[in-house]
2 protein chains.
Amino acid sequence: MSQIMVTAQLARWIVGLKEEGVPPDVRKEGVRTFVNWLGCAVGGSRHETVDAALRVLNPFSGPRTSTVLGRADRLDALGAALANGISSHVLDYDDTHLKTIIHPAGPVSSALLALAETRELSSREFLDAQIIGTEVECRIGNAVYPDHYDRGWHITGTAGVFGSAAACGRAIGLCERRMRWALGLAATQSSGLREMFGTMTKSFHPGAAARNGLMSALLAEAGFTSSLQSIEAKRGWANVVSDTQDYGEILDDLGTRWEASQNSYKPFACGIVIHPAIDGCRQIRDVIGAGRVGEIESVDMRVSPLVLELTGKDSPETGLEGKFSVFHATACALVRGDGSPAAFTDEAVKDPEIIAMRSRVHAVPDPNMKEDSIHIEIRFRDGTRLQKRVDNAVGSRSNPLTDSQLEEKFVDQAGLVLGEEEARGLLSKAWRIGGGESLKEIALASVPK
Amino acid sequence: MSQIMVTAQLARWIVGLKEEGVPPDVRKEGVRTFVNWLGCAVGGSRHETVDAALRVLNPFSGPRTSTVLGRADRLDALGAALANGISSHVLDYDDTHLKTIIHPAGPVSSALLALAETRELSSREFLDAQIIGTEVECRIGNAVYPDHYDRGWHITGTAGVFGSAAACGRAIGLCERRMRWALGLAATQSSGLREMFGTMTKSFHPGAAARNGLMSALLAEAGFTSSLQSIEAKRGWANVVSDTQDYGEILDDLGTRWEASQNSYKPFACGIVIHPAIDGCRQIRDVIGAGRVGEIESVDMRVSPLVLELTGKDSPETGLEGKFSVFHATACALVRGDGSPAAFTDEAVKDPEIIAMRSRVHAVPDPNMKEDSIHIEIRFRDGTRLQKRVDNAVGSRSNPLTDSQLEEKFVDQAGLVLGEEEARGLLSKAWRIGGGESLKEIALASVPK
């Protein structure tokens, strides 16, 4: 028995939090989290990754209670949680808890919405459960970050499954003891390797976390027993998956410090550490004009060390690999001014003009450079130079997307699937989450007529 | 790119092995593995753990193609793989690869039989795939054992998912590239914590490994891409889950050294490290007679250090916890002469006579004691002493269950569910696996009429 009852105290908070215990600003960020997640899931829903997953999931589906967002397919709730988790992440355009690089909504909201189509759950209960799930996964992530992530775990999968279990367990009204079992079942299913980045399997992680967390809650509800101290036990999750543990990150200031309110939303459809490069290059392109881009001889960047660690692919061959190449993203931002999903298609990655520019891009790690900052120096053929420093790249916590930027991002993505008018209709419904909007209607409105 | 292409070479072997490449003795052990697994799955099928799992799985099932062994329930193949993996392990009575303490059949055979009910698969192809899957999981386990296990991973879950993916991928005829994807999808779903021992979640591990490995193979077949070097990459599975890696254990002597032929079968329904204690105490009871058991004042044992590490629960309260208490198992072997599933029920754990004996049992770790050995000293109230040394406890590789002992174990277990006559009928079919017996008929014969 550990001295600190981490799992027990966390479970007590999850099941006991009163509606009025969620402050308005936290609730507001929860709504933004939902809006961004829904746009990304609809926007990603036609990706070949989702097609491939559905070829497997469709023939195994039980009663088709739940919506595959953006598509005519319907699946049982476990399958829909998996599919929507994939869709929401496949464009690498989703939300980010910057302290841990967790993408919180994929595991949590994907599970909750699929569940909500099978049970009576008010819009307000849904939003509270989503906020609680987000809080849980980010706090658990904080407790083991960075060692856990450095070791090679994709933390969105490994911590996300706790968020999904907490959110679903809260939504179905588990008691404290069963919530501890649900967290135990989540702990024992926690998985996902960073080695998968650049392949379809990366977006499988939030999908699997959503499905497995939902199943954890349902098994606990059915009386399936598990460890009562899965997080902090001697051979519990935190000790197994990390060499360092800070349980204060999980338990301190619960209900007053809100990690869920620290969520951010990507302006560009790729690994967040590349964002300063794209932001800076788009600004440079605005200044010099598209015509002069062809005269660039070299691009030299000083970047946070994590940039090359995570996105150092120098010769990406697919759109998914392009998301992990700071060289491709930089070249595309200069040549096309683009950081949207269109910049990370197979077509864009194979564009000869972008490939030529890519070869002129160089990056060196600078330990003093923060993750949302960059220094860029451009040399032109005529010998002139241009320098650009970016601090607090667009989308970071100090420079967050405004509501109207979120709306623009939503309509840009979802409009490709639904048409602009239907996308705007879905957006209006999404903003009303927590305020009485029917969850089933939101899900159905994501499907093209 | 790693210098040693572990995943690629392993995948090539899995897809390329010819039927005649499996030696007769390996095939024979594969049949014994199947027989033992089937008996355990039928025998465990009525456990409350399986009831609880089915309360969740049943309402989510797709087309009910596959048999839940020993029960009238039918599920889709993914659900049946999960349920049968649980049943086969819940009594802790299954098979053991002693070098790694992997229980090989649960993840592999549970997935394969559920799959075989949905596709054309000959009995011979089934047996070969089961042997290959067993070989793969044990070799991958060898590569990271013991550090991986010591760290807290339940290796039956973490390595088992590779076995399931390999077996199912072989059975559905994946090409080498897709087999590498399947291994990648397995690597990224690898999970299961030892912290769960003593709860229902322990037996969830082989079930989840079976289901997730099957899904890995099906996703790869559907074109779902993954890492091509998931095992050995810098941040691949082996580096993430263990501080030591020996890839020679995976690649050396493939097709000549067979880990699959090193499988063993438990004579007692609990953690295998307790078996020498039960074996020794049953022998003592035979010598002194049941009447003198009440005169025992103390039992002092010198045991392998792993015994207290794994099974040191001194006050178990449930049958599942009793499986992890060398004190309970020893007491029950002395009082009742029993190590069967009946010795590890809630009733047995709460028996006052066994509890009284339990308090007289003491064990000290001895680093020189091998895992299949024990030294026991009994003191009687009249001051006399009796010593017993066990080397190579029954069921260990040097003292394996004979075919007729396997048959007795099978009928004892399955007979409780099917009646003795039907159990013997099922047993005859099981012995003919690999020789043309219909897999669908075997599955159906496990269900009581």
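Computed from heavy atoms alone, side chains included, the values below leave out hydrogens, waters and symmetry copies. Proteins get letters first, then strands, A, B, ... in listed order; numbering begins at 1 in each. Keep in mind that what you see is a predicted model, and the values were worked out from it rather than measured.
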Here the pair of heavy atoms bringing S230(B) nearest to M196(A) is CB-CE, 3.8 Å
Considering heavy atoms only, which positions within residues 200-210 of chain A lie below 4.5 Å of chain B? M200(A), T201(A), F204(A), H205(A)
Portion of D51(B) that has a non-hydrogen atom of chain A nearer than 4.5 angstrom: neither
Can you tell which of L219(A), T65(A), N239(A) has the highest number of heavy-atom pairs within less than 4.5 Å of chain B? L219(A)
Interface residue of largest heavy-atom contact number with chain B, from A52(A), S226(A), A187(A), under 4.5 Å: S226(A)
Checked T188(A), T318(A), D76(A) vs chain B; the most non-hydrogen pairs under 4.5 Å come from T188(A)
Counting only heavy atoms closer than 4.5 Å, note whether L82(A) contacts chain B via side chain, backbone, both or neither. side chain
Counting neighbours of CD on E317(A) that are heavy atoms of other residues, nucleotides or ligands and sit closer than 6.0 Å, is the number greater than 12? no
Go through the atoms of L57(B) and report whether side chain, backbone, both or neither lie under 4.5 Å from a heavy atom of chain A. side chain
Is W237(B) in contact with chain A via its backbone, its side chain, both, or neither, using a 4.5 Å heavy-atom distance? both
Atom pair CD/CZ of E48(A) and F224(B) - distance to nearest 0.5 Å: 10.5 Å
So which heavy atom on V240(A) is nearest to which on G152(B), and how close? CG2-CA, 3.9 Å
For L214(B), is it the side chain, the backbone, both or neither that has a heavy atom under 4.5 Å from a heavy atom of chain A? neither
OG1 (T225(B)) and CG (L320(A)) are apart, to the nearest 0.5 Å, by 6.5 Å
Using non-hydrogen atoms and a 4.5 Å limit, figure out which bit of S190(A) sits close to chain B: side chain, backbone, both or neither. backbone
Salt-bridge test for D150(B) and R235(A): reply yes if a basic N is under 4.0 Å from a carboxylate O, no otherwise. no
Which atoms of R55(B) come close to chain A, meaning under 4.5 Å heavy atom to heavy atom: side chain ones, backbone ones, both, or neither? side chain
How long is the straight-line distance from OG1 of T199(A) back to CH2 of W181(B), given to the nearest 0.5 Å? 9.5 Å
Between V241(B) and R151(A), which heavy-atom pair has the shortest distance, and what is it? C-NH2, 4.5 Å
Using every non-hydrogen atom in the two residues, find where S227(A) and E195(B) come nearest and quote the distance to one decimal. OG-OE2, 2.7 Å
At their closest point, which heavy atom of S61(A) faces which heavy atom of P63(B), and how far apart are they? O-CD, 3.8 Å
Can you name the closest pair of heavy atoms from L193(A) and G236(B) and give their distance? CD1-C, 4.4 Å
